[in-house]
Undergrad: 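I have a structure I would like to understand better, so I am pasting it below and will then ask my questions one at a time.
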Amino acid sequence: MCSDFDSSNNLDSRLKSRRIQSTPQRRAIWEFYSSQTRGITISEAIDALRVAGIGQATVYRTTFLFQDIGLLHRIQMPDGQVCFVASKSEHSHPLICRLCRDVVEFDTCDLSVLEKLLNTQTGYEIEGHQLEVYGTCPECQQRTKAQQVTCSS
């Protein structure tokens with residue numbers, strides 16, 4: 001995660017550049033997502049934001065708005081569950097633990113050779129890409145090993 005990331009400035013600049021009004025509800029939803037270190041389902045966001053008086057429809061609409069303007073990554077978990085995670089920079093990709101949904105962002109992804117090859121082979125003009133990487137985080141690896149030792153004893 002980027003340590004110099006300013007959550008509210010990122011929201012304000014992205015909304016302003018698209019002529020979208022910044023509202024207290026949008027700010028609260030953004031603050032919720034940007035404070036998380038793991039993928040969050042919309043149901044989890046609705047439950048967490050209910051105490052702030054933010055309704056289900058507002059959470060849905062705002063989550064998809066934030067995804068559309070690049071503030072949130074939509075993550076399809078291997079089990080089919082859909083989660084969202086705040087994007088900490090203009091161009092980053094999530095590395096997702098398949099067990100606990102912890103997310104680490106990375107920005108190293110030189111796909112220029114692949115994009116040129118695809119352009120040549122298909123004739124498509126490549127406009128961008130999405131990349132998600134799944135694995136098991138160190139904490140879940142340790143938990144799994146500890147459980148295996150306990151079960152075999």
Undergrad: At what distance, to the nearest 0.5 angstrom, does SG of Cys140 lie from NZ of Lys145?
TA: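 Cys140 atom SG to Lys145 atom NZ measures 12.5 Å (nearest 0.5 Å).
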Undergrad: So how far is it from Ile29 CD1 to Ser34 OG, rounded to the nearest 0.5 Å?
TA: 12.0 Å
Undergrad: Drop me the distance from Arg27's CZ to Glu31's CD, to the nearest 0.5 angstrom.
TA: 8.0 Å
Undergrad: Drop me the distance from Leu15's CG to Trp30's CH2, to the nearest 0.5 angstrom.
TA: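 Those atoms lie 9.5 Å apart.
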Undergrad: Under 3.5 Å, side-chain donor or acceptor atoms of residues 56-67 against the rest of the protein: list the pairs with distances, not counting sequence neighbours.
TA:
{"from": "Thr62", "atom 1": "OG1", "to": "Thr58", "atom 2": "O", "distance (Å)": "2.8"}
{"from": "Thr63", "atom 1": "OG1", "to": "Tyr33", "atom 2": "OH", "distance (Å)": "3.0"}
{"from": "Thr63", "atom 1": "OG1", "to": "Val59", "atom 2": "O", "distance (Å)": "2.7"}

Undergrad: Return the CG to OH distance between Asn119 and Tyr124, rounded to the nearest 0.5 Å.
TA: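 Taking CG in Asn119 and OH in Tyr124, the distance rounds to 11.5 Å.
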Undergrad: Under the side chain to side chain donor-acceptor pair (under 3.5 Å) rule, collect the residues that match up with Thr120, sequence neighbours excluded.
TA: none
Undergrad: Return all side-chain donor-acceptor pairs below 3.5 angstrom for residues 38-52, not counting sequence neighbours, or 'none' if the list is empty.
TA:
{"from": "Arg38", "atom 1": "NE", "to": "Cys100", "atom 2": "O", "distance (Å)": "3.3"}
{"from": "Thr41", "atom 1": "OG1", "to": "Glu44", "atom 2": "N", "distance (Å)": "3.0"}
{"from": "Thr41", "atom 1": "OG1", "to": "Glu44", "atom 2": "OE1", "distance (Å)": "3.4"}
{"from": "Glu44", "atom 1": "OE1", "to": "Thr41", "atom 2": "N", "distance (Å)": "2.9"}
{"from": "Glu44", "atom 1": "OE1", "to": "Arg101", "atom 2": "NH2", "distance (Å)": "3.1"}
{"from": "Glu44", "atom 1": "OE2", "to": "Arg101", "atom 2": "NH2", "distance (Å)": "2.6"}
{"from": "Asp47", "atom 1": "OD1", "to": "Arg50", "atom 2": "NH1", "distance (Å)": "3.1"}

Undergrad: Using the side chain to side chain donor-acceptor pair (under 3.5 Å) criterion, which residues pair with Thr144? Sequence neighbours excluded.
TA: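 By the side chain to side chain donor-acceptor pair (under 3.5 Å) rule, Thr144 matches no residue at all.
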Undergrad: Taking the side chain as everything from C-beta on, heavy atoms only, tell me whether Gln141 gets closer than 4.5 Å to Leu99.
TA: no
Undergrad: Kindly compute the distance separating CZ (Arg14) from CG (Leu71), expressed to the nearest 0.5 Å.
TA: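 Going from the CZ atom of Arg14 to the CG atom of Leu71 covers 4.5 Å.
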Undergrad: Under a 4.0 Å N-O cut-off, is there an ion pair linking Arg98 with Asp79?
TA: no
Undergrad: How far apart are the closest heavy atoms of Leu11 and Arg26, and which atoms are they?
TA: CD2-O, 4.2 Å
Undergrad: With Gln76, which residues qualify under side-chain contact (heavy atoms from CB on, under 4.5 Å), at least two apart?
TA: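 Expected list: Arg74, Val82, Tyr134.
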Undergrad: Could I get the full list of side-chain contact (heavy atoms from CB on, under 4.5 Å) partners for Leu117, not counting sequence neighbours?
TA: Gln121
